[in-house]
Amino acid sequence: MTAHLALGLVEAIATRLADPDTVPLGSRTLSSDRQHLAYGPPGIALLHIELAANGLGPWHRAHEWLAAASRQPLTSGPDSHPFYGVPAFAHALTCAADHLPDSYQRALDVMDGKIAVDVGRRLDAAHRRIDAGRLPQLAEFDTIRGLTGYGAYLLRRNPGSTTTRAVLDYCVRLTEPITHHGVTLPGWWTETGPSGRPDERFPGGHANTGVAHGIGGVLALLALAARFGSATDGHHAALRTIMAWLDRWKQKADGGPVWPYWVTHGELRNGHLGSSAPRRPSWCYGTAGLARAQQLAALALDDTRRQIDAENALVAALTDPDQLKATTDNGLCHGFAGLAHTAARTADDAHPSTAGKLRAAIPALLAAVIPPGTDPELMATALMQNEEGGPGLLDGAAGIALALLAPSTAAPPRSSWDACLLIT
């Protein structure tokens, strides 16, 4: 019954997002967010692409949303990044082209050329920075804005290319320690706060562990590359370096092992974490995304013990009342729908001893999104009108709908829409 309700919500959201010209989306969706994968038409197109690939919706809806994103020239160069401009649109277009082999290829070839140039420029700057002994900015390497996000696209589009290998080589180099003001730091240490800007709450900076903005995303990319047969020099050693860092800062709580969102300079100096208050186990930060990344790394390294430990950590997070209480929304990025999707994708690759436990946690997550007795039509309307979430992918209605599909149908995505999240 829960899965049936969830699929009813998916259909209701898709119906309300059928046509970009007739749906009241607010001024930002088709203006300032027009090129944004997280908030605008490219992310909404992913919903209709996935539904069409599953035979659950018409392809013309996907085409219309892709057209809405590209009515004006798309941004490339320094002002673009994996979730904005040409790279964001290219991800959505690739998801469609996989099922429509005679469509979009010329456009993708042009965009791939622009992306290769942009990645080359970013790599040159990153290596010069490392050679000079300077610390990185989060936007240099993270999944949303940086080279890890570009790597996610390249790994799927052309895993054997020299550009893909160059990104993986950079990720390996990022895991090498760096000495800054006489202190040895992990190579991904940044001088800013988690926002990427100077923050007085983070004197001396921090090491970000998240999949969205930290080393968790690098771990997932390297793990997926190794599984796809695209390993580079030092690849497995880099995987082990990141996992050793996560092992060092793992905490044992009543609800199971948890990882911090970040490690501050003071915590590094003292050798232990400060606050141990429960935090939401989301994709972007925390145990859900990190457990999936570590499962993928363990599979790449054929480390069954670590794989089972990662899967059990996710089971614990998904069934711990304190961690679930810290989860306060339904979105893909850090809400219950995202947890359900992560659980389903992790279960697909899980060891027989843990797969059943992961799947058993899913119905409660679906019920948290759409409780029994909820009218899917009314909920879809409310989600569309929510100013914080809106219609988009990362926090909004389209992302919730996409994230509900795999856990409700027990079938993996057909379009690999979640490749941009490094979940698969």
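Note that the numbering runs from 1 along the sequence shown for the chain. When reading the values below, keep in mind they use all heavy atoms of this one structure, side chains included, and skip hydrogens, waters and symmetry mates.
- The structure places CD1 of Ile400 at 7.5 Å from CG of Asp329, a figure rounded to the nearest 0.5 Å.
- A donor and an acceptor atom, one from each side chain of Asp112 and Tyr153, are located under 3.5 Å apart.
- Ring-centre distance between Trp188 and Trp245: below the 6.0 Å cut-off.
- Between Asp247 and Arg306, at least one side-chain nitrogen of the basic residue sits less than 4.0 Å from a carboxylate oxygen of the acidic one, meeting the salt-bridge criterion.
- Salt bridge annotation for Arg156-Asp98: present, with a cationic side-chain nitrogen under 4.0 angstrom from a carboxylate oxygen.
- Donor-acceptor pairing under 3.5 Å is lacking for the side chains of Arg292 and Thr342.
- Every residue two or more places apart in sequence or in another chain that forms a side chain to side chain donor-acceptor pair (under 3.5 Å) with Asp131 is listed here: Arg173.
- Expressed to the nearest 0.5 Å, how far OG of Ser80 lies from CG of Asp118 amounts to 4.5 Å.
- The CG atom of Leu314 lies 8.5 Å from the OG1 atom of Thr287; values are rounded to the nearest 0.5 Å.
- Side-chain atoms of Trp65 come within 3.5 Å of backbone N or O of Leu17 as a donor-acceptor pair.
- Scanning both residues, Ile115 and Pro87, for their nearest heavy atoms gives CD1-CA, 3.9 Å.
- The distance from the CG atom of Asp348 to the CD1 atom of Ile423 is 11.5 Å, given to the nearest 0.5 Å.
- Between Asp109 and Arg157 there is a salt bridge, since a side-chain N of the basic residue sits under 4.0 Å from a carboxylate O of the acidic one.
- Remark: the backbone N or O of Tyr285 is paired with a side-chain donor or acceptor of Ser282 at under 3.5 angstrom.
- For Gln251 (side chain) and Trp259 (main-chain N/O), no donor-acceptor pair under 3.5 Å exists by modelled atom type.
- Note: His341 and Trp417 have tilted aromatic rings, judged against thresholds of 30 and 60 degrees for the angle between ring planes.
- A donor-acceptor pair shorter than 3.5 Å cannot be found between the side chains of Glu191 and His206.
- A salt bridge links Asp309 to Arg305: at least one charged side-chain nitrogen sits closer than 4.0 Å to a carboxylate oxygen.
- Ionic pairing of Glu140 and Arg129 is present here: one or more N-O contacts between side-chain nitrogen and carboxylate oxygen are shorter than 4.0 angstrom.
- Using modelled atom types, one finds no donor on one side chain facing an acceptor on the other under 3.5 Å when comparing Gln307 with Gln295.
- Asn158 contributes no side-chain N or O that, together with a main-chain N or O of Leu154, makes up a donor-acceptor pair within less than 3.5 Å.
- Checking side-chain atoms of Trp189 against main-chain N and O of Gly204 turns up a donor-acceptor pair under 3.5 Å.
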Under 3.5 Å, sequence neighbours excluded: what are the donor-acceptor pairs made by side chains of residues 230-239?
residue	atom	partner	partner atom	Å
Ser230	OG	Pro159	O	3.4
Thr232	OG1	Arg165	NH2	3.4
Thr232	OG1	Asp169	OD1	2.3
His235	ND1	Thr232	N	3.1
His235	NE2	Leu222	O	2.6

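- Looking at Asp124 and Arg121, no side-chain N of the basic residue comes within less than 4.0 Å of a carboxylate O on the acidic one, giving no salt bridge.
- For the atom pair Asn208 CG and Thr192 OG1, the distance stands at 8.5 Å (nearest 0.5 Å).
- Rounded to the nearest 0.5 Å, atoms CG (Asp418) and NE2 (His91) are 8.0 Å apart.
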